[in-house]
S.K.: 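Right, I'll just put the structure down here and ask away after.
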Amino acid sequence: MEKYELLAYWETELLSAHRWGRGEVIDIDNSVIYDAWNKIPKVTDDLENLVYQIISLEICNWRLLEFIPRLENAIENMKALPYDIGHGTSLTDDRKKKVWLYWLSLKDWISRFNILQWVGSRVCFEPIIKMLDPEMVTYKKIHDWLGEGNKNKEELVEILCIKILEKLSGDYMEESFWENLVFSDSPEKQELKRMWRRNDPEFETAIMKGGLEFCHHKFFRRLDIIISSIGVEKWRGVIPLEGDHGLTLNEEIDKALEPTITKINEKLDGHFNPFSDGEYASEKLFLRLLLVSLIESQQERAEGIVERNMGRGNN
């Protein structure tokens with residue numbers, strides 16, 4: 001990749017809306033990053049791959065605190081990690097199994113209201129659930145939360161199951177599919193929508209935009225909130241606000257970034273000279289600045305979200 005192409009890539013990410021928040025006015029001084037970048041003589045494969053890996057790691061990733069020191073070590077050695085990080089590539093087999101366990105337990109609950117599905121569930125779902133969770137802890141939790149069924153609950157659970165399966169398979173539905181499923185003009189659908197909104201207007205948003213990314217550090221908590229809310233037909237009717245979790249996480253991130261920030265400050269305070277500071281000095285400074293800048297922008301955004309959510313019980 002040419003240097004100007006890589007510049008356009010990381011520059012776009014540095015100022016992107018999902019880092020700072022949509023609609024936010026971004027007013028930051030990135031001159032230090034550009035100074036380090038301009039001193040880099042050429043783009044090597046490892047530099048390019050490290051930029052990709054840094055950008056792929058976001059604050060919401062469930063393995064963020066594990067990957068930050070790994071990236072710092074990779075930068076120090078100017079050798080990209082030999083595996084992908086961030087987003088879906090961070091998923092482990094155990095985490096995928098847990099997702100399947102939730103899906104199977106939800107499908108089992110729905111099957112109770114259709115005799116043919118119920119028979120099939122006993123043959124297919126329960127044996128697999130017991131293999132994944134011998135004590136049936138997740139299964140029992142989900143069934144207890146959902147309780148007795150009704151048309152409103154069944155519809156919401158079915159949509160949630162489709163959402164989960166869509167992400168498990170990687171075969172994403174066309175927008176028209178969701179419009180027909182949820183927003184069609186049939187009397188039955190319109191009545192269901194009215195039921196949702198009478199119960200709580202946040203139901204529709206929660207199901208359709210539930211933040212259901214498996215790599216998100218609060219994915220299972222979010223899933224628990226949605227399922228338990230369906231059960232009582234009131235948003236967050238069971239699981240209370242978690243408090244300042246987001247702020248606590250920020251403190252842990254600060255600690256994880258300390259070694260990287262220390263090395264940045266050592267270079268900058270010592271009047272950084274790329275020509276007398278060892279091989280790849282400019283590359284290392286640039287990569288560290290990029291890593292810290294991208295994470296800190298999301299920390300700033302996260303603090304604002306936590307403060308807003310604590311005011312309306314939505315964390």
Side-chain angles (χ1 to χ4, degrees), residues 1-16 18-20 26 28-92 215 217 249-301:
M1 177 180 284
E2 296 295 328
K3 192 176 179 182
Y4 73 90
E5 294 176 303
L6 190 58
L7 166 64
Y9 180 69
W10 66 258
E11 191 175 42
T12 299
E13 186 69 20
L14 193 64
L15 301 177
S16 65
H18 76 277
R19 294 282 179 180
W20 291 94
I26 302 170
I28 54 174
D29 180 8
N30 287 321
S31 59
V32 178
I33 298 179
Y34 284 101
D35 286 344
W37 172 258
N38 290 333
K39 293 182 175 71
I40 295 174
K42 65 176 182 178
V43 173
T44 63
D45 288 343
D46 280 309
L47 175 63
E48 181 180 337
N49 290 332
L50 280 166
V51 168
Y52 289 148
Q53 290 179 339
I54 288 170
I55 287 176
S56 71
L57 186 61
E58 300 197 39
I59 193 173
C60 57
N61 192 278
W62 71 294
R63 298 176 70 183
L64 173 70
L65 297 175
E66 172 188 345
F67 284 136
I68 287 176
R70 291 189 186 185
L71 275 174
E72 166 54 38
N73 187 60
I75 293 170
E76 179 61 30
N77 294 306
M78 276 307 295
K79 191 71 177 175
L81 295 170
Y83 46 81
D84 293 328
I85 65 172
H87 304 302
T89 61
S90 69
L91 299 181
T92 60
C215 57
H217 68 101
L249 176 61
N250 267 357
E251 292 174 1
E252 295 173 348
I253 294 171
D254 287 341
K255 186 174 181 180
L257 285 173
E258 274 182 12
T260 301
I261 293 174
T262 297
K263 289 180 180 179
I264 290 173
N265 290 335
E266 286 175 354
K267 298 299 181 188
L268 298 181
D269 293 344
H271 304 292
F272 171 64
N273 184 341
F275 303 107
S276 63
D277 207 20
E279 190 177 17
Y280 299 120
S282 297
E283 288 87 342
K284 291 179 183 180
L285 179 60
F286 161 73
L287 290 168
R288 287 182 172 122
L289 286 166
L290 183 65
L291 173 61
V292 172
S293 296
L294 291 176
I295 297 296
E296 285 188 344
S297 65
Q298 290 191 309
Q299 282 183 282
E300 185 175 321
R301 181 190 178 201

S.K.: Checking the side chain of N73 only, and the main-chain atoms of P69 only, is there a donor and an acceptor separated by less than 3.5 Å?
M.R.: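 No; judged by distance alone, with no hydrogens or angles, the pair does not exist.
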S.K.: Measure the shortest side-chain to side-chain distance between T260 and I75 over non-hydrogen atoms and say whether it is less than 4.5 angstrom.
M.R.: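 Counting from C-beta outward, T260 and I75 never come under 4.5 Å.
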S.K.: Is the shortest side-chain heavy-atom distance between E258 and E72 below 4.5 Å?
M.R.: no
S.K.: Treating S293 as the side-chain partner and L290 as the backbone partner, does any N or O pair qualify as donor plus acceptor under 3.5 Å?
M.R.: no
S.K.: When you compare the side chains of E48 and Y52, does any donor N or O come within less than 3.5 Å of an acceptor on the partner?
M.R.: yes
S.K.: Is there a side-chain contact between L50 and M78 in this structure, where contact means two heavy atoms from C-beta onward sitting under 4.5 Å apart?
M.R.: yes
S.K.: Mind checking side chain to side chain contact (heavy atoms under 4.5 Å, CB included) for Y83 and listing every partner two or more places apart, or none if nothing turns up?
M.R.: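 For Y83 the side chain to side chain contact (heavy atoms under 4.5 Å, CB included) partners, ignoring immediate neighbours, are F67, R70, L81, I85.
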S.K.: State, with a plain yes or no, whether a side-chain heavy atom of L287 is found less than 4.5 Å away from one of L47.
M.R.: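 They are in contact (side-chain heavy atoms under 4.5 Å apart), so the answer is yes.
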S.K.: If we only count heavy atoms from C-beta on, is the P41 to E283 side-chain gap below 4.5 Å?
M.R.: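 Contact flag for P41/E283 side chains = yes.
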S.K.: For the side chain of K39 and the backbone of F286, is there at least one donor-acceptor N/O pair under 3.5 Å apart?
M.R.: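 No: the side chain of K39 does not pair with the backbone of F286.
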S.K.: Would you say the side chain of L249 lies within less than 4.5 Å of the side chain of L64, judging by non-hydrogen atoms?
M.R.: no
S.K.: For E252, enumerate each residue passing the salt bridge (charged side-chain N to carboxylate O under 4.0 Å, His left out) test, keeping only those at least two apart in sequence or located in another chain.
M.R.: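 Counting only residues at least two positions away or on another chain, E252 forms no salt bridge (charged side-chain N to carboxylate O under 4.0 Å, His left out).
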S.K.: Indicate yes or no: at least one non-hydrogen side-chain atom of Q299 is less than 4.5 angstrom from one of L257.
M.R.: yes
S.K.: Holding to side chain to side chain contact (heavy atoms under 4.5 Å, CB included), I want the full list of residues that pass it with C215, two or more places apart in sequence or in another chain.
M.R.: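 C215: side chain to side chain contact (heavy atoms under 4.5 Å, CB included) contacts with N61, W62, S90, L91, E213.
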S.K.: Report yes if the side chains of V32 and I264 come closer than 4.5 Å at any heavy-atom pair, otherwise no.
M.R.: no
S.K.: Backbone N or O of S282 within a donor-acceptor pair of the K267 side chain at under 3.5 Å?
M.R.: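 Side chain of K267 to backbone of S282: no pair is present.
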